[in-house]
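All remarks here apply to the structure that follows.
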Amino acid sequence: MPSTNVKPLSESTREKLKQAIGQLETFLNAYALPQLAAEDESNEAELFYKGLLSDLRHLLVFSEVAVEKLGVALRRPTFDIEFAERALYEVYHQSVNAFFYPKNECYSEDGRYAYTGQDAIRFRSKPVRAARDIVLSVSKIFEELRDDLAYYENDYMTARRMQGQK
């Protein structure tokens with residue numbers, strides 16, 4: 001990846017993460033486990049929402065840490081490309097992966113729907129509207145980030161290893 005793209009990519013990634021953080025904070029500040037479970041009549045509601053809230057809190061923390069690291073990179077008098085690339089790598093492997101591979105598996109991405117214009121996110125149980133809306137809303141942001149940061153999935157570390165072997 002050309003190093004000239006790292007600064008604009010860091011800026012756009014930071015802005016997208018800030019959008020996701022704003023939405024996640026609003027949801028997590030407005031809803032608690034008893035409230036979500038009370039709105040849902042199913043037997044497994046409490047377990048489902050415990051897992052969902054836990055995953056969303058982790059996603060929020062990973063995203064906040066990434067925004068801070070990218071902010072540090074962007075505020076430095078001389079832009080440190082290596083530091084920024086490492087931060088972008090961490091965004092992909094922590095924030096993006098935390099969204100698409102949640103620990104509690106309350107939802108997952110079904111790739112068969114990704115190209116049909118339908119939502120590719122499928123829930124383990126039918127969630128209340130607010131929970132469904134937050135996941136689907138931030139999914140669009142994390143899809144963009146995944147596309148933007150695809151280089152940092154494998155190619156970045158391969159390039160770093162090759163530099164170390166020289």
Side-chain angles (χ1 to χ4, degrees), residues 6 9-40 42-75 83-114 118-157 160:
V6 176
L9 183 59
S10 296
E11 291 167 342
S12 69
T13 298
R14 187 168 185 262
E15 288 309 309
K16 288 174 185 173
L17 285 172
K18 283 170 116 179
Q19 286 179 331
I21 288 168
Q23 293 177 31
L24 289 166
E25 280 182 336
T26 300
F27 175 80
L28 290 169
N29 288 336
Y31 292 92
L33 177 60
Q35 181 183 6
L36 291 170
E39 288 183 37
D40 190 330
S42 69
N43 293 334
E44 293 184 18
E46 187 168 331
L47 186 61
F48 175 79
Y49 290 111
K50 270 185 186 177
L52 181 64
L53 289 170
S54 175
D55 288 339
L56 293 179
R57 285 190 296 268
H58 280 97
L59 179 60
L60 176 61
V61 169
F62 289 143
S63 298
E64 287 174 334
V65 168
V67 163
E68 190 57 39
K69 283 186 180 181
L70 290 169
V72 167
L74 293 166
R75 285 189 304 270
F83 181 83
E85 283 193 319
R86 183 67 190 184
L88 291 170
Y89 172 83
E90 290 173 6
V91 169
Y92 187 92
H93 285 276
Q94 292 176 345
S95 299
V96 173
N97 280 345
F99 178 78
F100 286 105
Y101 305 104
K103 179 181 175 187
N104 294 293
E105 299 178 345
C106 294
Y107 64 87
S108 62
E109 181 183 35
D110 188 338
R112 295 175 292 184
Y113 292 94
Q118 298 177 22
D119 292 317
I121 301 296
R122 297 291 174 245
F123 293 90
R124 186 177 72 209
S125 301
K126 185 177 180 184
V128 298
R129 176 162 294 293
R132 178 184 176 281
D133 289 350
I134 185 60
V135 172
L136 294 180
S137 179
V138 296
S139 75
K140 291 166 182 44
I141 295 169
F142 284 99
E143 284 172 18
E144 288 178 24
L145 286 170
R146 181 175 57 186
D147 292 343
D148 293 349
L149 302 175
Y151 168 78
Y152 294 95
E153 182 178 14
N154 289 316
D155 297 345
Y156 168 73
M157 285 310 287
R160 299 291 298 161

Just wondering, are more than 12 heavy atoms of other shown residues or ligands nearer than 6.0 Å to CD in E25? yes
Please confirm whether the backbone N or O of G22 pairs with a side-chain atom of T26, one donor and one acceptor, at under 3.5 Å? yes
Using 0.5 Å steps for rounding, measure from the CZ atom of R124 to the SG atom of C106. 4.5 Å
Heavy atoms of other groups near E44 CD, more than 12 under 6.0 Å: no
Least distance between heavy atoms, S139 atom then F100 atom: O-CZ, 4.5 Å
Closest contact, heavy atoms only, L33 versus Y49: CD1-CB, 3.6 Å
Might you point out which heavy atoms bring A32 and L53 nearest each other, and give the distance in Å? C-CD1, 4.2 Å
Check whether R132 reaches the backbone of F123 with its side chain - one donor and one acceptor, N or O, closer than 3.5 Å. no
4.5 Å side-chain heavy-atom contact, H58 and F62: yes
Approximate separation, where rounding is to 0.5 Å, of L52 CG and F27 CZ: 6.0 Å
Could you tell me the separation between the OG1 atom of T13 and the CD1 atom of I141, rounded to the nearest 0.5 Å? 12.0 Å
Is a side-chain donor or acceptor of Y107 paired with a backbone partner of F99 at a separation under 3.5 angstrom? yes
Distance (rounded to the nearest 0.5 Å) between L24 CG and I134 CD1: 5.0 Å
Determine whether V72 and E68 satisfy the following criterion, side-chain contact (heavy atoms from CB on, under 4.5 Å), listing intermediate values before the conclusion. CA-CA 6 Å; V72 167; E68 190 57 39; 4.1 Å; yes
Worked verdict on L9 versus L149 for side-chain contact (heavy atoms from CB on, under 4.5 Å): CA-CA 8 Å; L9 183 59; L149 302 175; 3.8 Å; yes
E90 and R86 ion-paired at < 4.0 Å: yes
Would you compute the distance between atom CD of Q19 and atom OG of S63 and round it to the nearest 0.5 angstrom? 12.0 Å
Without swapping roles, check the side chain of R14 against the backbone of V67 for a donor-acceptor pair under 3.5 Å. yes
Can you name the closest pair of heavy atoms from K103 and D55 and give their distance? N-OD1, 3.4 Å
So how far is it from S54 OG to L59 CG, rounded to the nearest 0.5 Å? 11.0 Å
How close do Y89 and Y152 get, counting heavy atoms only, and between which atoms? CD1-O, 3.2 Å
Quick check: do E11 and E15 have side-chain heavy atoms less than 4.5 Å from each other? no
Please test K16 against E143 for salt bridge (charged side-chain N to carboxylate O under 4.0 Å, His left out), starting from the C-alpha separation and ending with a verdict. CA-CA 11 Å; K16 288 174 185 173; E143 284 172 18; over 6 Å; no
Minimum heavy-atom distance between F142 and A20, given as atom pair plus value: CE1-CB, 3.8 Å
